[in-house]
Amino acid sequence: MMNEPPAGNTPANTKRKRFKVSPLLGLDAWIDSSLYELRFRLAEFWEDTTIFFRRFHVSGWRRGVVELASEGFTWGTAGSVVMLTLAIPAFHDTEKNWRTRDDFAVTFLDRYGNEIGQRGILHRSAVPIDELPDHVIKAVLATEDRRFFDHFGIDFLGLSRAMTENLRANSVVQGGSTITQQLAKNLFLTNERSLDRKIKEAFLALWLESNLSKKEILQTYLDRAYMGGGTFGIAAASEFYFGKSVKDVNLAEAAMLAGLFKAPAKYAPHVNLPAARARANVVLSNLVQGGLMTEGQVVGARRNPATVVDRARSESPDYFLDWAFDEIRRVGQKLPSHTLVVRTTLDTGIQKAAEESAEYHLRQFGKEYHVTQAAVVVLETNGAVRAIVGGRDYGESQFNRATAALRQAGSSFKPYVYAAAMEKGMTPKTMISGGAVSWGNWSPQNYSRQYLGQIDLTTALVKSINTVPVRLAKDYLTTAPIVALAKAMGVESVISSHKTMVLGTSGMTVMDQATGYNTFATGGLAGMRHAFTQVTDQNGKIIWDWKTDGDKPHRALSEKAAFNMNLMLSQVPEWGTGRRAALPMTRVAGKTGTTQSYRDAWFVGFTGNYTAAVWFGNDNFTPTKELTGGILPAMTWQRFMNYAHQNIDLKPIPGIDPAMPKQDKVAAAKPATADEEALRAAERPRVLSNATVTALREIGQALKDAPELKLPVVPTKISAR
């Protein structure tokens, strides 16, 4: 008998276990199948797309054309993005209320009370464009922008035509800028020649076309363009040159006005009437060539050219007036009246001497050194700005290079570093290593590519050794106190705190440099710079006075540190890099500066009477031909300072002994040119001595403080009849 299985293990009695499927396995399977399906669909789509585009397959020379077009499209798109990025900052100015004109009407006087110019609404008496004669509008359009009503801000046809004519003439004979582009430059940009500015100008022109009508663009252009003689706008120019309203000018006069837009200083009729008439004849030819008039219509204007009001040649200090106008608007917001008479600090004699000196050296040596521009600022040590030269030709470019252009200071920044070291307790005799130095991955070199051993700080500054100020900042100062000191001394430009700043890599204005160095000339006091001394309203009432309402000076540098700096800086013109700046009648202190690749050349110096900064360079930042600060800037400085120090009481530089130069230094302080006749500066008119001025002021104050004289009242007898 067979053994039976246990009752508990029989199939009937055994309970079968069921396998439970996890939901995650289902999700995993769904994902796998979906991915497979997606891959299959994508592969199928790619195959269909490839088959479709095979129809457009080209070979041979056609393929080369397609490849070039493709590359051109790619680079064009990238270039457009880059240009738009560069143009974006310019659009911030469009957010301001640029349509609103200033309501200031300011008449400026020089320091002696002579009228030197006007700014504000006195120069902006606009005439509605609908009231202008037809021949005035046609003359402007024929010369400046014939296709003005056909383009949208940028005229590519006109640009192509101008490029063709310029290539044919091998010079610039035609411009490609439209009236809209010129207006964009006048409203929002500067005259500085650079690719960045042209890109911004193009985008802003498109913006103007989108936001203004053609009529509004033309009206604004005619009202705000500089027309020479210190006038702005065609209406003001008509009054100035012809003594009549622009509504009444004839065709010959309209042609002369239209010719001023290109170069107002060059073609200003009160300066050069033959050149103005020749330019007007070109405008008349443009009218005929553009089909706006016939030869018969213009022949009368050719035979009877315009004549102008007989007036003396205007030598308005326009760069100074522009800066002074900005200063008065800043102060004038708190004044009760906006129709003002402002007595400025300008000394017309020093202004003309500075202009002549800059122009002389550019004319004599500009080609040799490949330099085209210069800027000058002159301050009296009391802070009064006596002269500003913002460029070579205000008519050609109203961009003020003295107050608005940021240029690297080079070695002329080093005195700020040494001044910070003096504040730390160092002296001119402190010894320091002149050897090679590295600051992180930066290893600056000296100009001579040679290194010295232990030298004193005076020698390092006089010889302009690069490694010494770097070592001072790296091991003793850091950059923060240098930046703070420069700001305290009156430098308004933003100074970078990067380590390379000690060698003058930050951008500074010429005004900054003159203001900062004037702190040395005052023995450490700053905050004294001013553009005007008194402001009166139209009734002659004094409503602002520098003595009571101006900024108060503050001590930016200790007297000991200032004296030490003056002791060192006075050696630069005697046996250092600034020998061409030495004067025969008084001692000079200062510093030269030359930037990388010779792009900027500086001399900033001072005496006991005046501080002046001089810059030479090019607007487009191209290098000069090895021009250093010790050559043209120092020579220019010496030429006008020689004039400024004639017939005045000479003051000593604070902390300098002896105050006058030694005889061997006097012999060396001669103009660095063989053209003695051309260099002979006009003698400065004798001015009142300090003692006389002081006495007159005391008398004036005594009269002002004297009690009012009351006459006795005499009774009158009335006789009875």
Side-chain angles (χ1 to χ4, degrees), residues 192-197 362 365-366 368-375 401-402 404-418 434-452 460-474 479 482-483 486 491 493-510 512-513 516-517 572 576-578 580 590-604 613-637:
E192 196 165 5
R193 297 177 180 177
S194 65
L195 178 61
D196 181 44
R197 197 264 292 171
L362 283 171
F365 307 104
E368 178 183 349
Y369 289 101
H370 185 62
V371 61
T372 57
Q373 282 293 351
R401 296 157 188 81
L406 294 174
R407 306 299 296 233
Q408 288 188 346
S411 294
S412 63
F413 185 81
K414 291 176 182 176
Y416 300 101
V417 182
Y418 283 88
V437 62
S438 293
W439 194 344
N441 58 357
W442 181 47
S443 300
Q445 295 180 325
N446 293 324
Y447 181 79
S448 63
R449 299 295 190 271
Q450 297 178 349
Y451 300 99
L452 303 175
L461 179 61
V462 172
K463 294 299 183 181
S464 200
I465 306 299
N466 286 340
T467 56
V468 171
V470 175
R471 193 180 303 277
L472 287 173
K474 173 178 177 289
T479 59
I482 301 172
V483 174
V491 175
S493 301
V494 177
I495 304 298
S496 170
S497 59
H498 190 265
K499 55 193 174 187
T500 58
M501 57 84 72
V502 297
L503 297 184
T505 57
S506 294
M508 300 177 68
T509 65
V510 182
D512 277 338
Q513 290 278 60
Y517 273 63
V572 175
T577 57
R580 289 184 175 90
K591 185 70 183 73
T592 58
T594 308
T595 63
Q596 203 169 33
S597 301
Y598 299 98
R599 285 189 174 88
D600 304 283
W602 297 80
F603 182 78
V604 191
V614 179
W615 165 87
F616 275 75
N618 296 307
D619 283 342
N620 57 4
F621 292 90
T622 56
T624 63
K625 192 174 181 180
E626 298 184 357
L627 176 63
T628 64
I631 306 177
L632 296 189
M635 293 161 62
T636 300
W637 192 96

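Hydrogens, waters and symmetry mates play no part in the numbers below; they use all other heavy atoms, side chains included.
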Would a distance-only check, ignoring hydrogens and angles, find a side-chain to backbone donor-acceptor pair under 3.5 Å from Thr467 to Ala436? no

For the atom pair CH2 (Trp602) and OG1 (Thr592), what is the distance rounded to the nearest 0.5 Å? 12.5 Å

So do the side chains of Val470 and Leu503 get within less than 4.5 Å of each other, counting heavy atoms only? yes

Validation row: Tyr418, Val468 side chains within 4.5 angstrom (heavy atoms): yes

Rounded to the nearest 0.5 Å, the CG atom of Leu627 sits from the OH atom of Tyr598 at a distance of 9.5 Å

Less than 4.5 Å apart, side chain to side chain, heavy atoms only: is that true for Val502 and Ile482? yes

For Arg580 against Met635, the heavy-atom pair lying closest together: CD-CG, 3.5 Å

Does the side chain of Asp600 reach to within under 4.5 Å of the side chain of Phe621, using non-hydrogen atoms? no

Modelled atom types, side-chain donor and acceptor of His498 and Ser496, under 3.5 Å: no

Spacing of Thr509 atom OG1 and Leu406 atom CG [to the nearest 0.5 Å]: 7.0 Å

Scanning both residues in full, the closest heavy-atom pair of Thr628 with Pro633 reads O-CD, 3.5 Å

Side chains of Gln408 and Ser506, heavy atoms from C-beta outward: is any pair under 4.5 Å? no

Does one side chain, of Asn466 or Lys414, offer a donor that lies under 3.5 Å from an acceptor on the other? yes

Would you check if Val417 and Met501 make a side-chain contact, meaning some heavy-atom pair closer than 4.5 Å? no

CZ/Arg471 to OG/Ser438 distance, rounded to the nearest 0.5 angstrom? 9.0 Å

Measure the spacing between OG1 of Thr624 and CD of Glu368 and express it to the nearest 0.5 Å. 11.5 Å

I'd like to check Ile495 versus Met508 (side-chain heavy atoms, cut-off strictly below 4.5 Å). Are they in contact? yes

Trace of the side-chain contact (heavy atoms from CB on, under 4.5 Å) decision for Glu626 with Tyr369: CA-CA 7 Å; Glu626 298 184 357; Tyr369 289 101; 5.9 Å; no

Look at atom CD of Gln596 and say whether more than 12 heavy atoms of other residues, nucleotides or ligands are closer to it than 6.0 Å. no

Looking at Lys591 and Pro415, would you say the former's side chain and the latter's main chain have a donor-acceptor pair under 3.5 Å? no

Any idea which heavy atoms bring Phe603 and Gly578 closest together, and the distance? CE1-CA, 4.2 Å

Flag the pair Thr594 / Ser411 as yes when at least one side-chain heavy-atom distance between them is below 4.5 Å, and no otherwise. no

Side chains of Thr577 and Ser464: any donor to acceptor distance under 3.5 Å? no

Please check if any side-chain donor atom of Ser412 sits under 3.5 Å from a side-chain acceptor atom of Gln513, or the reverse. yes

Does Arg407 qualify as a cation-pi partner of Phe616, given the criterion of NZ or CZ under 6.0 Å from the six-membered ring centre and within 45 degrees of its axis? no

For Phe413, the ring-ring contact (aromatic ring centres under 6.0 Å, His included) test, sequence neighbours excluded, returns Tyr416

Does His370 offer a backbone N or O that forms a donor-acceptor pair with the side chain of Asn618 under 3.5 Å? yes

Please round to the nearest 0.5 Å and tell me the distance separating atom OG1 of Thr636 and atom CD1 of Ile631. 11.5 Å

